[in-house]
Amino acid sequence: MIKTIAYLGLGTMGSGMVSNLFKAGCKLTILLFIGGGSLMGQQPKEVEPQQLVFKDDGAIPNNTLPLLLYREAFAADTKDLASVIEQRFAENDWTGSWRAGVYPFPHYHSTTHEVLGVFGGSATLRLGGAQGTTVKVGPGDVIVIPAGVRHQNLGSSADFSVVGAYPGGRRWDLLRGLPGERPQADRNIAAVPLPDNDPLYGSDGPLKRIWKSQ
């Protein structure tokens with residue numbers, strides 16, 4: 001009797017194929033690599049980010065570094081998407097993470113860059129202040145917001161949720177463009193270092209390439 005060893009991913013061999021092998025007198029040993037396919041779905045796919053640059057409008061400093069928007073970097077139906085995003089950020093040293101929504105009032109951070117990974121619901125965000133732009137985001141989208149760039153949740157579904165994190169776990173402040181915030185905010189922003197890693201793709205990711213070119 002011939003012994004046939006089949007190395008299969010889940011769902012690769014149908015019942016008809018198995019039956020035919022037995023009819024042919026084969027002893028079939030099936031080795032299943034369980035979970036291999038699902039793990040692939042948990043990794044971010046290679047996405048070139050959209051770049052959005054916002055100018056200083058007098059009240060809001062914004063930044064010469066472009067905001068980076070990675071569309072559908074993770075599959076929306078990924079199991080426990082929040083944990084997958086959180087883990088990926090941490091692997092690339094974007095830590096100090098939290099899970100919540102985005103403030104409904106305009107604000108920015110002068111002491112750190114910020115990454116937001118959407119894992120539930122959808123929202124319309126205003127980026128860059130009154131002279132900026134609006135974008136709609138949903139599960140799997142990732143946004144890297146440079147220090148100084150204003151952002152605001154204009155409206156969202158009840159289940160809208162993101163994972164937020166910071167390069168090296170830097171501490172964040174909360175500024176709103178009020179009188180007296182500058183010029184200290186400008187000094188803070190100028191002192192924020194470039195991250196060592198893209199939050200999705202590590203040291204070889206597009207963030208370093210794009211931001212260093214600025």
Side-chain angles (χ1 to χ4, degrees), residues 39-56 60-75 78 80-103 107-119 125 127-128 132 135 137 139-151 161-175 181-214:
L39 286 176
M40 287 183 65
Q42 295 182 0
Q43 301 302 313
K45 64 183 179 181
E46 293 185 12
V47 176
E48 185 67 20
Q50 179 183 355
Q51 301 178 42
L52 300 171
V53 180
F54 307 106
K55 295 180 179 180
D56 186 332
I60 304 301
N62 285 313
N63 203 309
T64 57
L65 298 175
L67 177 147
L68 305 178
L69 174 56
Y70 299 78
R71 287 290 189 188
E72 299 178 352
F74 295 91
T78 299
D80 194 4
L81 181 55
S83 294
V84 171
I85 293 173
E86 197 170 56
Q87 180 179 346
R88 189 65 179 186
F89 290 169
E91 288 172 353
N92 291 310
D93 197 30
W94 286 67
T95 54
S97 63
W98 47 266
R99 301 181 188 185
V102 175
Y103 289 130
H107 65 283
Y108 68 96
H109 314 296
S110 73
T111 57
T112 184
H113 310 303
E114 180 178 52
V115 63
L116 303 177
V118 183
F119 66 86
L125 305 181
L127 306 172
V135 298
V137 295
D141 291 341
V142 173
I143 310 167
V144 180
I145 305 172
V149 173
R150 197 176 193 177
H151 45 292
S161 302
V162 303
V163 171
Y166 308 91
R170 291 180 63 88
R171 292 177 177 241
W172 54 275
D173 59 356
L174 184 64
L175 301 178
E181 290 180 350
R182 304 176 73 175
Q184 184 59 52
D186 299 81
R187 290 193 287 267
N188 292 345
I189 293 166
V192 177
L194 290 179
D196 292 327
N197 298 306
D198 184 297
L200 294 177
Y201 310 114
S203 59
D204 296 326
L207 181 146
K208 290 186 72 174
R209 166 174 50 83
I210 294 170
W211 281 10
K212 279 190 173 182
S213 71
Q214 305 300 314

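The shown structure was predicted, so the numbers you read here are calculated from the model rather than taken from an experiment.
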Less than 4.5 Å apart, any side-chain heavy atom of P139 and any of L81?
-> yes
Test log, rule side chain to side chain contact (heavy atoms under 4.5 Å, CB included), inputs L125 and I143 | CA-CA 11 Å; L125 305 181; I143 310 167; 3.6 Å; yes
What are the two closest heavy atoms between P167 and R170, and how far apart are they?
-> O-CG, 3.0 Å
side-chain hydrogen bond (donor to acceptor under 3.5 Å, both in side chains) with N63: which residues, sequence neighbours excluded?
-> none
Can you see which heavy atom on G101 is nearest to which on V162, and at what distance?
-> O-CG2, 3.9 Å
Partners of E86 by side-chain contact (heavy atoms from CB on, under 4.5 Å), sequence neighbours excluded?
-> S97, R99, V163
Hey, could you give me the CD/CG distance between E72 and D141, rounded to the nearest 0.5 Å?
-> 6.5 Å
Could you list the donor-acceptor pairs under 3.5 angstrom formed between side-chain atoms of residues 107-116 and any protein atom two or more places apart in sequence or on another chain?
unit_1: H107; atom_1: ND1; unit_2: F105; atom_2: O; d: 2.9
unit_1: H107; atom_1: ND1; unit_2: H151; atom_2: O; d: 3.1
unit_1: H107; atom_1: NE2; unit_2: H151; atom_2: NE2; d: 3.2
unit_1: Y108; atom_1: OH; unit_2: E181; atom_2: OE1; d: 3.3
unit_1: H109; atom_1: ND1; unit_2: D173; atom_2: O; d: 2.6
unit_1: H109; atom_1: NE2; unit_2: E114; atom_2: OE1; d: 3.2
unit_1: S110; atom_1: OG; unit_2: D173; atom_2: OD2; d: 2.5
unit_1: S110; atom_1: OG; unit_2: N188; atom_2: ND2; d: 3.0
unit_1: T111; atom_1: OG1; unit_2: R171; atom_2: O; d: 2.8
unit_1: T111; atom_1: OG1; unit_2: D173; atom_2: N; d: 3.3
unit_1: H113; atom_1: ND1; unit_2: A147; atom_2: N; d: 2.9
unit_1: H113; atom_1: NE2; unit_2: P193; atom_2: O; d: 3.4
unit_1: E114; atom_1: OE1; unit_2: H151; atom_2: NE2; d: 3.2
unit_1: E114; atom_1: OE2; unit_2: Y166; atom_2: OH; d: 2.7

For D198, all residues meeting salt bridge (Lys or Arg N to Asp or Glu O under 4.0 Å), sequence neighbours excluded = none
Enumerate, atom names and distances included, each donor-acceptor pair closer than 3.5 Å involving a side-chain atom of residues 199-207, sequence neighbours excluded.
unit_1: Y201; atom_1: OH; unit_2: K45; atom_2: O; d: 2.5
unit_1: Y201; atom_1: OH; unit_2: V47; atom_2: N; d: 3.0

Would you name the heavy atoms of P61 and I189 that are closest together and state the gap between them?
-> CG-CD1, 3.5 Å
Results of side-chain contact (heavy atoms from CB on, under 4.5 Å) for P183 - residues two or more places apart only = D186, R187
Side-chain heavy-atom pair L175, Q184 within 4.5 angstrom cut-off = no
Can you tell if the side chain of V118 reaches within under 4.5 Å of the side chain of F74, non-hydrogen atoms only?
-> no
Results of side-chain hydrogen bond (donor to acceptor under 3.5 Å, both in side chains) for T64 - residues two or more places apart only | none
Side chain W94, main chain N197, donor-acceptor under 3.5 Å | yes
For N62, side-chain hydrogen bond (donor to acceptor under 3.5 Å, both in side chains) partners two or more places apart | none
Tell me, do W211 and P146 make a side-chain contact under 4.5 Å, heavy atoms counted?
-> yes
To the nearest 0.5 Å, tell me how far F54 CZ sits from L127 CG.
-> 5.0 Å
In chain order, what residues pass the side-chain contact (heavy atoms from CB on, under 4.5 Å) check against Q214, with sequence neighbours excluded?
-> L65, P66
Do I210 and E48 touch side chain to side chain, with heavy atoms closer than 4.5 Å?
-> yes
In chain order, what residues pass the side-chain hydrogen bond (donor to acceptor under 3.5 Å, both in side chains) check against D80, with sequence neighbours excluded?
-> S83
Determine whether R71 and L69 make a side-chain contact, defined as any pair of heavy atoms from C-beta on separated by less than 4.5 Å.
-> yes
Sequence neighbours excluded, the answer for salt bridge (Lys or Arg N to Asp or Glu O under 4.0 Å) partners of E46 is none
Which residues satisfy the salt bridge (Lys or Arg N to Asp or Glu O under 4.0 Å) test with R150, sequence neighbours excluded?
-> none
Mind listing the closest non-hydrogen atom pair of L68 and P49 along with its distance?
-> CB-CB, 3.9 Å
